[in-house]
Amino acid sequence: MTKLIILGSSNAIATENHENTHMVLVGEKRTVLVDCVSSPLLRLERAGVDFNQVSDLILTHFHPDHVSGVPLLLMDMWLLGRRAPLKIHGLEHTLERVENLMGFYGWKNWPAFFPVEFSRVAPVERTLILTSEDFRLYTSPVRHLIPTIGLRIESAASGKVIAYSCDTEPCQEVAHLAESADILIHEAAGAGRGHSSAAQAADIAREAEVGRLLLIHYPTGRHSVGDIVGEASAHFQGAVALAEDFMELDMD
Ligand SMILES: [Zn+2]
């Protein structure tokens, strides 16, 4: 059993039913949280994922709507008696800041704190960062306002592939990362520096020849802007939908 659960689908401005974009990849052997916002344990619990199962945390970039929950995640794991190590993956730019942030909280002085291992990701296309019996996980640098990585997840059992653009302008790195994927989860925050519109996301989906496009990191609730699924559908022939909080994508 391998599945990807969307824990949040909103852009930086979360609304009642749409938390900031983050997700969790659940396998038999490893559970990987991708970004970490707000009070992460609440969302994991609601998704039926035991936070103690979380073996890895991937941080795509150091913007508050992607990393604000890290201190609380670590503190809550510690307070609830975690012993198992946690591996945190990210670019040097990201991990350096996470370490500084935790330094402000004095984490080195938290008694009996569980081991945290930092794994620095090379800013190189299709870097294999994690292998387990369930899946392989690759990252590529994408084009955002600060150093950022996108992801490609390949299921070992079924061969199914899900790619995630993370925050980015339309770029070839995402098209390569998503090549022939079953599903591309692409941001649709809106056209502009460091972000993409739904139409631009669809252009990348078409170029990468993916099966389905899921739009994420879009304006939600009262900030919603028109029919972005319709906008994308005019540029891509495959199925297009909005990613929604607690949506489950089966990779078996
Ligand atoms: Zn960002």
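For reference, positions follow the sequence shown, starting with 1. In each ligand, atom 1 is the first atom listed, and ligand 1 is the first ligand listed.
Under the 4.5 Å side-chain criterion, counting only non-hydrogen atoms from C-beta, I129 is not in contact with I149.
Looking at E169 and R143, no side-chain N of the basic residue comes within less than 4.0 Å of a carboxylate O on the acidic one, giving no salt bridge.
In terms of heavy atoms, L57 sits closest to L86 at N-CD1, 4.4 Å.
With 2.8 Å as the limit, C166 does not count as an N, O or S neighbour of the Zn ion (ligand 1). For the Zn ion (ligand 1), the set of nearby N, O or S atoms under 2.8 Å includes one belonging to H63. With a cut-off of 2.8 Å, the Zn ion (ligand 1) has an N, O or S atom of D167 in range.
Heavy-atom neighbours of E209 CD from other residues, nucleotides or ligands within 6.0 Å: at or below the threshold of 12.
For H61, the N, O or S atom with the smallest separation from the Zn ion (ligand 1) is NE2. When distances from the Zn ion (ligand 1) to the N, O or S atoms of H144 are compared, NE2 comes out shortest.
A centroid separation of less than 6.0 Å is found between the aromatic rings of H195 and H217.
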